[in-house]
A.B. asks: 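Sending over a structure as structure tokens; questions will come in a sec.
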Amino acid sequence: MAQRLYDTRSRSKRTLETLVDGEVGIYVCGITPYSPSHIGHARQAIAFDIIVRWLRKSGLKVNHITNFTDIDDKIISIANEENIDFLDVANRNIDDYFEVMDLLNVIPADAYPRVTETIPGIIDMIKNLIDKGHAYSSSDGVYFEIDTAPEKYGQLTGQTLEMVREGAGGRVSETGSGKKNHRDFALWKIAKPGEPYWPSPWGNGRPGWHIECSVMSLQHLGEKFDIHGGGSDLIFPHHEAEIFQSECCLKHDPVVQYWMHNGMINVDGEKMSKSLGNFWTIRDAISKIEPLELRYSLINAPYRQPVEFNDTILQDSSSHYHKLLSAYGEGLSKSGKSDWNDLDFLQTAELNFSNGMDDDFNTRVAIVEIQSVVKYLREKLDSGSDKEISSAVSWLSEFAGNVLGILPEDEEILANIERIEGERMRLQDQVIDLLSQRKIARQNKDWGRADLIRNQLNEIGVIVEDSPKGPVWKLK
RNA sequence: GCAUGGGUGGCAGAGUAGCUAUGCAGCGGACUGCAAAUCCGCGGACCUGGGUGCAAAUCCCGGCCUGUGCUCCA
């Protein structure tokens with residue numbers, strides 16, 4: 001089955017046909033590092049991480065670029081408040097980003113270009129746009145003139161320039177800037193006193209918000225490239241602006257073949273935002289749950305849908321995540337791994353999984369298959385062969401582990417099991433002694449004493465479960 | 001107002017024409033002194049009004065509700 005993906009521009013699912021056979025270039029708008037990363041960043045990074053993993057698994061050579069917009073008004077304002085250099089603000093948040101993304105098992109992009117390292121290219125593109133008559137210089141900066149390319153308006157949002165003009169009313173005069181038209185947007189902003197700046201033909205200043213992505217995608221992926229991704233809140237104005245800049249500069253239409261946008265995170269039905277106070281940083285979240293549980297919960301809905309984030313959701317994903325992990329760990333330590341291709345059940349599961357992922361990366365469908373294989377594995381752990389167990393483990397390792405990225409490394413899982421085993425050995429004599437005392441109490445129907453002993457065991461970290469075959473104990 | 005998504009069981013959330021979604025929660029059962037774990041089973045949904053079809057949650061039209069964007073935002 002061919003890969004299909006939803007393209008924002010055409011508002012439909014399209015079959016992926018790459019510009020170069022067997023290769024795909026993907027540029028994903030990254031963060032503006034003015035604060036520690038929040039779970040919206042995590043959702044985006046994880047969504048595109050899985051998209052990239054799947055494209056690679058499908059045999060494509062993927063070149064994945066994600067940028068940092070490491071200079072902007074908020075960064076400057078925070079730097080001023082703290083009386084430090086703006087780059088210190090950006091760098092500490094970028095460091096934070098890399099740390100949490102690593103915890104979330106996000107495979108790094110192939111390159112992370114930054115605005116502050118792209119200034120010459122940005123100046124070149126602005127010059128080019130001025131030369132071609134699409135931009136003009138004014139008292140406070142350089143602006144892109146939208147009226148020079150009205151046909152490019154609204155390609156992603158569906159709005160036409162006329163609609164916006166009508167809605168704009170008399171606001172043009174209220175802009176108070178050197179813009180000719182209020183819809184024009186800044187390519188270069190002249191620095192105010194105290195602001196960081198780079199020299200340019202138009203005066204000392206810094207890039208406008210949108211131009212950097214046009215330049216960095218050009219530098220890393222070329223004049224035309226396959227996929228451009230980002231959060232759905234970037235569709236307007238950021239990605240619309242990129243279309244103006246790139247297409248007017250490069251004279252290709254389209255520059256971007258497919259636009260992909262991930263949905264936002266909702267908390268109690270509303271978009272997560274600082275102003276509403278329903279804001280979670282990634283570190284907030286992973287102080288309460290494990291990073292991979294968070295990852296799991298963020299792919300519970302397909303990437304384009306808004307995803308709910310609340311305690312119930314977390315409990316739900318936490319529950320299944322631990323079922324997955326314990327079945328996998330048990331199977332791995334018991335039987336290892338082996339090829340699954342000769343087992344019909346697992347072949348069917350693979351087919352369903354792949355069909356789901358090929359259909360616009362539907363991780364929800366993929367998770368249903370994971371759940372069904374976990375169920376299968378648990379059944380086989382009870383009454384199956386080594387071959388069936390190792391095959392199921394192998395299957396999960398590939399699809400839950402390598403593709404969805406929701407399993408820790410095998411070494412880590414085995415080390416953890418070993419650690420628990422060690423702990424069991426240490427407690428063994430004590431536990432056996434207490435359990436035999438409890439057995440006697442139970443035989444005498446002295447439930448009070450039996451429960452007392454169970455509580456004692458609980459205090460040393462041991463949970464007793466009375467199975468039909470006798471008591472089973474495990475560590476908390 | 002304009003644009004663009006969405007309205008599925010207690011919750012989350014697939015599914016775009018005919019076949020049990022799935023998970024969590026709930027209920028019943030096995031097991032059990034109780035608890036826990038595991039397993040088995042059960043119930044319960046397709047916003048509303050029309051239309052097309054042998055057949056619609058699924059397609060078409062209207063209505064209502066709702067998210068998001070139209071300013072910085074993943």
Side-chain angles (χ1 to χ4, degrees), chain A residues 6 8 11 28-32 34-35 37-48 66 69 72-74 97 154 156-160 162-169 171 182-183 209 229-238 240 261-266 269-275 297 300-321 323 326-327 352 356 359 362-372 374-375 378-379 381-383 441-443 445-448 450-451 454-455 458 463-469 471-474:
Chain A
Y6 186 88
T8 307
R11 279 187 278 286
V28 182
C29 279
I31 62 164
T32 300
Y34 68 90
S35 68
S37 295
H38 56 68
I39 57 174
H41 298 137
R43 148 101 129 153
Q44 187 211 46
I46 291 165
F48 284 99
T66 289
T69 302
D72 102 310
D73 293 353
K74 289 198 187 84
Y97 177 87
L156 301 179
T157 58
Q159 303 207 66
T160 65
E162 282 66 34
M163 289 174 181
V164 176
R165 277 179 181 142
E166 282 169 21
R171 295 215 316 256
H182 83 290
R183 282 285 162 195
W209 177 28
S232 61
D233 53 351
L234 295 183
I235 293 172
F236 187 93
H238 186 56
E240 291 269 5
H261 293 97
N262 64 278
M264 300 291 102
I265 287 185
N266 287 170
E270 281 182 300
K271 179 181 166 184
M272 185 179 79
S273 72
K274 283 186 172 169
S275 55
S297 72
N300 191 41
Y303 76 94
R304 282 195 290 131
Q305 299 303 122
V307 67
E308 269 294 321
F309 196 80
N310 59 41
D311 290 339
T312 315
I313 305 297
L314 287 182
Q315 186 191 330
D316 191 339
S317 29
S318 171
S319 164
H320 188 264
Y321 172 75
K323 282 183 182 175
S326 70
N352 293 341
D359 183 15
N362 192 329
T363 50
R364 179 65 215 180
V365 168
I367 282 176
V368 168
E369 289 311 308
I370 302 288
Q371 289 171 339
S372 108
V374 168
K375 192 173 177 181
R378 187 163 285 127
E379 204 178 293
L381 279 168
D382 199 39
S383 62
R442 295 182 75 207
Q443 279 167 351
K445 297 199 189 300
D446 184 355
W447 309 128
D451 290 348
R454 187 163 63 193
N455 288 341
N458 197 42
I463 296 166
V464 180
E465 293 167 0
D466 294 314
S467 82
K469 294 169 191 161
V472 173
W473 63 281
K474 59 186 183 186

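Order of the sequence lines fixes the chain letters, A, B, ..., with proteins taken first and strands second; residue numbering starts at 1 for each chain. Bear in mind the structure is a predicted one, so any value in this text is a computation, not a measurement. All values below were derived from every heavy atom in this structure, side-chain atoms included, with hydrogens, water molecules and symmetry-related copies excluded.
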A.B. asks: Taking syn as any angle within 90 degrees of 0 and anti as the rest, which one fits B:rG53?
C.D. replies: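 Here B:rG53 takes the syn form, which means its glycosidic angle is within 90° of 0.
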A.B. asks: For A:Trp447 and A:Gln305, take the nucleotide of RNA chain B holding the closest heavy atom to each; which residue's nucleotide lies nearer the 5' end?
C.D. replies: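 First, find each residue's nearest nucleotide; the 5'-ward one identifies A:Gln305.
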A.B. asks: Any strand counts, and the cut-off is 3.5 Å on both contacts for Watson-Crick or G-U wobble. Which nucleotide pairs with B:rG69?
C.D. replies: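 Pairing partner, where one exists within any strand: B:rC2.
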A.B. asks: Measuring to OP1 and OP2 of B:rC39, would you say a side-chain N or O of A:Arg378 lies under 4.0 angstrom away?
C.D. replies: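 Result: yes.
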A.B. asks: Could you state the CG-P distance from A:Asn300 to B:rC11, rounded to the nearest angstrom?
C.D. replies: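 After rounding, the gap between these two atoms is 16 Å.
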A.B. asks: Across the strands shown, which category fits A:His38 at heavy-atom distances under 4.0 angstrom: base, sugar-phosphate, nothing?
C.D. replies: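 Base, at least one base heavy atom under 4.0 Å.
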A.B. asks: If only side-chain N and O atoms of A:Arg183 are considered, is one of them under 4.0 Å from the OP1 or OP2 phosphate oxygen of B:rU71?
C.D. replies: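 For A:Arg183, the contact criterion (side-chain N or O under 4.0 Å from OP1 or OP2 of B:rU71) is met.
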A.B. asks: Please report, rounded to the nearest Å, how far the P atom of B:rA37 is from the CG atom of A:Asp382.
C.D. replies: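 To the nearest whole Å, that distance equals 17 Å.
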A.B. asks: Whole Å only: how far is the CD1 atom of A:Ile370 from the C1' atom of B:rA14?
C.D. replies: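 So the CD1-C1' distance, A:Ile370 to B:rA14, works out to 15 Å.
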A.B. asks: Output yes when a side-chain donor or acceptor of A:Glu308 lies under 3.5 Å from a complementary backbone atom of A:Ile313, and no otherwise.
C.D. replies: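 Absent.
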A.B. asks: Of the nucleotides B:rA74, B:rG33, B:rU22, which has the atom closest to the A:Asn262 side chain?
C.D. replies: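 Given the options B:rA74, B:rG33, B:rU22, the side chain of A:Asn262 is closest to B:rA74.
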A.B. asks: Need one value for A:Val365: base, sugar-phosphate or nothing, where a base atom within 4.0 Å counts as base even if backbone is also close, heavy atoms only.
C.D. replies: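 Sugar-phosphate contact only - A:Val365 comes under 4.0 Å of backbone atoms but never of a base.
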A.B. asks: Suppose we define a pair by two distances each less than 3.5 Å, Watson-Crick or G-U wobble; what does B:rU52 pair with here?
C.D. replies: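 When the pairing criteria are applied, nothing turns out to pair with B:rU52, so the answer is none.
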A.B. asks: Take A:Asp316 and A:Phe236, find for each the nucleotide of RNA chain B with the closest heavy atom, and name the residue whose nucleotide sits nearer the 5' end.
C.D. replies: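 Upstream on the strand: A:Asp316.
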A.B. asks: Under 3.5 Å for both donor-acceptor distances, Watson-Crick or wobble: does B:rA74 have a partner, and if so which one?
C.D. replies: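 Per the H-bond distance test, none.
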A.B. asks: How would you label the contact of A:Gly356 with the nucleic acid (heavy atoms, under 4.0 Å): base, sugar-phosphate, or nothing?
C.D. replies: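 Result for A:Gly356 = nothing.
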A.B. asks: Using a 4.0 Å heavy-atom cut-off across all strands, classify A:Ile265 as base, sugar-phosphate, or nothing.
C.D. replies: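 Base contact.
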A.B. asks: In terms of side-chain heavy atoms, does A:Asn262 have a donor or acceptor partner in A:Arg304 at a distance below 3.5 Å?
C.D. replies: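 Per modelled atom types, A:Asn262 and A:Arg304 side chains form no pair under 3.5 Å.
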A.B. asks: Taking C-beta and beyond as the side chain, do A:His38 and A:Ile265 meet within less than 4.5 Å on heavy atoms?
C.D. replies: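 No, every pair of side-chain atoms sits at 4.5 Å or beyond.
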A.B. asks: Just compare B:rU4, B:rU22, B:rG69 and give me whichever is closest to any side-chain atom of A:Lys271.
C.D. replies: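 Of all the options, the side chain of A:Lys271 is nearest to B:rG69.
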A.B. asks: Base, sugar-phosphate, or nothing: which does A:Val28 touch, judged by heavy atoms less than 4.0 Å apart?
C.D. replies: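 Nothing, no heavy atom under 4.0 Å.
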A.B. asks: Under 4.0 Å, heavy atoms only, any strand: does A:Gly40 hit a base, just the sugar-phosphate, or nothing?
C.D. replies: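 Contact class for A:Gly40: base.
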A.B. asks: State which of B:rC72, B:rA74, B:rC34 makes the closest approach to the side chain of A:Asp451.
C.D. replies: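 Of the candidates, B:rC34 comes closest.
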A.B. asks: Any strand is fair game: report the nucleotide pairing with B:rA37 by Watson-Crick or G-U wobble, both distances under 3.5 Å, or none.
C.D. replies: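 Paired with no nucleotide.
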A.B. asks: Between B:rG33, B:rA74, B:rU22, spot the one nearest the side chain of A:Gln371, thanks.
C.D. replies: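 Taking heavy atoms from C-beta onward, the closest nucleotide is B:rU22.
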A.B. asks: Could you work out which one of B:rA74, B:rA12, B:rC34 sits closest to the side chain of A:Glu308?
C.D. replies: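 Nearest to the side chain of A:Glu308 among the choices is B:rA12.
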A.B. asks: Any non-hydrogen side-chain atom of A:Arg378 less than 4.5 Å from a side-chain atom of A:Lys323?
C.D. replies: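 Touching, per the 4.5 Å side-chain cut-off.
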A.B. asks: Any donor-acceptor pair under 3.5 Å linking the side chain of A:Arg43 with the backbone of A:Gly263?
C.D. replies: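 Such a contact is found between A:Arg43 side chain and A:Gly263 backbone.
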A.B. asks: Taking the P atom of each, how far is B:rA14 from B:rC27, in whole Å?
C.D. replies: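 B:rA14 and B:rC27 have their P atoms separated by 27 Å.
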A.B. asks: As a test of reading the structure: which of B:rA74, B:rA21, B:rG5 is closest to the side chain of A:Tyr6, going by heavy atoms?
C.D. replies: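 Taking heavy atoms from C-beta onward, the closest nucleotide is B:rG5.
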A.B. asks: Taking all non-hydrogen atoms of both residues into account, name the closest pair between A:Thr363 and A:Pro302 and its distance.
C.D. replies: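 Smallest heavy-atom distance, with atoms named: OG1-CA, 4.0 Å.
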A.B. asks: Whom does B:rC31 pair with, Watson-Crick or G-U wobble, provided both distances fall under 3.5 Å?
C.D. replies: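 Paired with B:rC31, as far as the under-3.5 Å criterion goes, is no nucleotide at all.
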A.B. asks: Measure from the side-chain heavy atoms of A:Ala301 and tell me the nearest of B:rU68, B:rG13, B:rC34.
C.D. replies: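 Nearest to the side-chain atoms of A:Ala301, counting from C-beta on, is B:rG13.
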A.B. asks: Side chain of A:Ser319 only, please: which of B:rC34, B:rC24, B:rA12 is the nearest?
C.D. replies: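 Nucleotide nearest to A:Ser319's side chain: B:rC24.
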A.B. asks: A:Lys474 near the nucleic acid: base, sugar-phosphate alone, or nothing, with a heavy-atom cut-off under 4.0 Å?
C.D. replies: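 No contact at all - A:Lys474 keeps every heavy atom at 4.0 Å or more from the nucleic acid.
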A.B. asks: Could you please name the option among B:rA74, B:rA12, B:rG23 that lies closest to any side-chain atom of A:Met264?
C.D. replies: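 Shortest atom-to-atom distance from the side chain points to B:rA74.
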A.B. asks: Would you measure the distance from the P atom in B:rA35 across to the matching atom in B:rA30 and give it in whole Å?
C.D. replies: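 One P to the other, the span is 13 Å.
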A.B. asks: With heavy atoms under 4.0 Å as the rule, sort A:Pro237 into base, sugar-phosphate or nothing.
C.D. replies: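 Here A:Pro237 touches no strand at all.
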A.B. asks: Is any side-chain nitrogen or oxygen of A:Lys323 closer than 4.0 Å to OP1 or OP2 of B:rA37?
C.D. replies: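 Looking at the OP1 and OP2 atoms of B:rA37, neither is under 4.0 Å from any side-chain N or O of A:Lys323.
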A.B. asks: What contact category does A:Glu465 fall into here, base, sugar-phosphate, or nothing, at under 4.0 angstrom with non-hydrogen atoms?
C.D. replies: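 Touches a base.
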A.B. asks: Could you check how far NE2 of A:His320 sits from P of B:rC11, rounded to whole Å?
C.D. replies: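 Rounded to whole Å, this separation is 22 Å.
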A.B. asks: When you compare B:rC64 with B:rU48, how far apart are their C1' atoms, in angstrom units rounded to a whole number?
C.D. replies: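 It comes out at 7 Å once rounded to the nearest Å.
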A.B. asks: Between B:rU4, B:rG13, B:rA74, which one does the side chain of A:Arg11 approach most closely?
C.D. replies: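 Comparing B:rU4, B:rG13, B:rA74 against the side chain of A:Arg11, the answer is B:rU4.
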A.B. asks: Using a heavy-atom cut-off of 4.0 Å across all strands, would you classify A:Ile235 as base, sugar-phosphate, or nothing?
C.D. replies: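 Nothing: the residue A:Ile235, judged by heavy atoms under 4.0 Å, touches no strand.
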A.B. asks: Does A:Asn266 place a side-chain N or O at less than 4.0 Å from the phosphate oxygens OP1/OP2 of B:rU68?
C.D. replies: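 Answer is no, no contact under 4.0 Å.
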A.B. asks: Show your reasoning for whether side chain to side chain contact (heavy atoms under 4.5 Å, CB included) applies to A:Ser317 and A:Asn300.
C.D. replies: CA-CA 8 Å; A:Ser317 29; A:Asn300 191 41; 5.9 Å; no
A.B. asks: Could you check how far CG of A:Leu234 sits from C1' of B:rU71, rounded to whole Å?
C.D. replies: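 To the nearest whole Å, that distance equals 14 Å.
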A.B. asks: Would you say A:Gln44's side chain and A:Ile31's backbone share a donor-acceptor pair under 3.5 angstrom?
C.D. replies: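 It does not hold such a pair.
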A.B. asks: In the strands shown, is B:rA12 matched to any nucleotide by a Watson-Crick or G-U wobble pair with both distances under 3.5 Å, and which?
C.D. replies: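 Check on B:rA12: paired to B:rU22, both distances under 3.5 Å.
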A.B. asks: Sticking with atom C1', work out how far B:rG29 lies from B:rC54, rounded to a whole angstrom.
C.D. replies: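 Result for the C1' pair: 42 Å, nearest Å.
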A.B. asks: Return the value, rounded to whole Å, for the distance between atom CD1 of A:Ile313 and atom C1' of B:rG10.
C.D. replies: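 To the nearest whole Å, that distance equals 13 Å.
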